[in-house]
There are 2 protein chains.
Amino acid sequence: MRDDIHTKGIPVLCASCEARHRGLCGALSDDQLVELARSTMRQKADDGKVLVGDEDEVERFSNVLSGVVKLTKTLSDGRQQIVGLQFAPDFVGRPFRSESSVSAEAATGVEVCSFPRRTLERMMAEQPGLEHRLLQQTLRELDEARDWMVALGRKTAAEKVASFLLMIAQNIDPAATEGQGADRSQAFDLPLSRGEIADFLGLTIETVSRQLTRLRTAGVIRIENTRHVVVEDVSRLAARAGG
Amino acid sequence: MRDDIHTKGIPVLCASCEARHRGLCGALSDDQLVELARSTMRQKADDGKVLVGDEDEVERFSNVLSGVVKLTKTLSDGRQQIVGLQFAPDFVGRPFRSESSVSAEAATGVEVCSFPRRTLERMMAEQPGLEHRLLQQTLRELDEARDWMVALGRKTAAEKVASFLLMIAQNIDPAATEGQGADRSQAFDLPLSRGEIADFLGLTIETVSRQLTRLRTAGVIRIENTRHVVVEDVSRLAARAGG
DNA sequence: CGGAGCATTGAAAAGTATCAAGCTAAGTGG
DNA sequence: CCACTTAGCTTGATACTTTTCAATGCTCCG
């Protein structure tokens, strides 16, 4: 019997929400879920919508329900770097500090579920399991950030692009990219434009485009319509991603 | 009256330890400190000593008491990237996962205080304050990692080297680099060799050396003996670090 | 004194960025 | 319905930064 069929006492809002299973809210009891839901807002945003500005006082945190949120940092002269991508059911926000240091922006159309920072911080104090989940998520984000530091600092443009495609593929379908299934093909939509991929990989648009063309020419991927990509052979892509 | 003069009931080991104030152990009661100290080892290591190998099962966590620990990741062909520098009283280890994914190595001579992962994980379960401290530290590391992602992806070699010097200066003396004191000079020893700086900044040894020479020629820094650096004017260095 | 390990410097090569056209697809208005 | 526009992408030629390769210098230590 599935957990999510038990919806007695659970807010309608949360009934089919992924964050209740794999995300933060999994740490909450039904009662706590009801309490949190009282100050919760579910909202949709188109891509490009800035959810949290760089300098904003962050008064609300969010869970990503669908779509992709990009976290960016910008130098004073406009150079930009994407420092994280949040997929469902990731948490977005910086607890224990009111200014954010990163800007959060919808990369695709997204749905998020947001709640006041105060509410979360209060509930964290009375429910250690919540802080535990947050620690787990933060540790995972740190692992990811460090993986990308290696890519940014030490990989070539070709390896960066291959690594990026692999990361996206992995997020779309974790099973297809590991172990036995790694020799099958996999199709997906890129959640980022060429320019955003460039900002993620520390490259220019042109270099990203050229590397994608090379992968296409080499028969590693097919590009159906700039956003839709088919990886013909995941293991061959992985071989180009650099150890 | 100073806290650290109260040493009644506190293990000798911990009496003068920074981790008890600014670090993890600050979350512990005297009794808990005693319990942790029972399975604690204080150890010195020379620079170059590998504290935690890449693939090791990590059975112990540590606090850095003095010196600098570098966290590195290595690609299969040997390319290396430093993904973090831990200063006293930082925590070293990856809770909730037995393999580490990063290697921890003494960059300078270091003193660390280590304890079994089991002990910490047990104490975390019964003392939420401990998990809170760990979350704070992890969030800070994540902020730092993301700052460096911007440097790695978007800054020029000159900006990277200036940013690095500034970061070190900040760690040596937080006061001297911010606000009013930013126009004064500051001297310190680099905790890393040229090769390590290169691995931190995603550059080659030669490029790091050339950029340091340029800063010296421009009168921004003096280099006394390859390791010892005097920043003549911190704000002038900051101007070269890229907004 | 001589060697070993870093560090610096120079010259050439490579990789990526920049500049400049075109191209494609999707929308807009005649 | 079709020219027109626009935004994002691709492709090409050139410039520039950084790497690579090579040689020399410095400093610590046996």
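None of the values given here were measured: they were computed from a predicted structure. The sequence lines fix the lettering, A, B, ..., with proteins before strands; numbering per chain opens at 1.
For the pair Arg210(A) and Arg154(A), both in contact range of DNA chain D, the more 5′-proximal nearest nucleotide belongs to Arg210(A). Looking at which nucleotide of DNA chain D each of Ala157(B) and Glu224(B) is closest to, the 5′-most match is held by Ala157(B).
Glu206(B) has its CD atom 16 Å from the P atom of dG15(C), to the nearest Å. To the nearest angstrom, C1' of dT8(C) lies 14 Å from CD1 of Ile197(B). As rounded to whole Å, 15 Å separates atom C1' of dC9(D) from atom CG of Asp199(A). Rounded to a whole Å, the CD atom of Glu159(A) is 14 Å from the C1' atom of dT16(C). Here the C1' atom of nucleotide dT19(D) and the CZ atom of Arg79(B) are 13 Å apart, to the nearest Å. Whole-Å rounding puts the Asp47(A) CG to dA7(D) P distance at 15 Å. For the pair Leu152(A) CG and dT16(C) P, the computed distance is 13 Å after rounding to whole Å. In this structure, Leu203(B) atom CG and dT16(C) atom P are separated by 14 Å, rounded to whole Å.
Under a 4.0 Å N-O distance rule, the pair Arg210(B)/Glu206(B) does not qualify as a salt bridge. The existence of a salt bridge linking Asp143(A) and Arg97(B) is confirmed by a sub-4.0 Å separation between a basic side-chain nitrogen and an acidic carboxylate oxygen.
Below the 3.5 angstrom threshold, one finds no donor paired with an acceptor across the side chain of Arg227(A) and the base of dG8(D). Between the side chain of Glu196(B) and the base of dC6(C), no donor-acceptor pair of N or O atoms lies under 3.5 Å. A donor and an acceptor atom never sit less than 3.5 Å apart when one is taken from the side chain of Arg194(B) and the other from the base of dG5(C).
Using a distance-only test at 3.5 Å, with no hydrogens or angles considered, a donor-acceptor pair links the side chain of Gln86(A) to the main chain of Phe91(A). One N or O on the side chain of Thr217(A) and one on the backbone of Thr213(A) form a donor-acceptor pair closer than 3.5 Å.
Checking Gln80(B) against Thr74(B) by side-chain atom types alone, a donor-acceptor pair falls below 3.5 Å.
Listed pair Thr213(B) / dT9(C) meets the phosphate criterion, a side-chain N or O lying under 4.0 Å from OP1 or OP2. Taking 4.0 angstrom as the limit, Thr207(A) places a side-chain polar atom (N or O) nearer than this to OP1 or OP2 of dA17(C).
Note on Leu212(A): nothing from the nucleic acid sits closer than 4.0 angstrom, heavy atoms only. The residue Arg214(A) sits apart from the nucleic acid: no heavy atom pair falls under 4.0 Å. Contact annotation for Ser193(A): backbone-only contact, meaning every heavy-atom pair under 4.0 Å involves sugar-phosphate atoms and none involves a base.
Comparing dT16(C), dT20(D), dA7(C) against the side chain of Thr156(A) picks out dT16(C) as the nearest.
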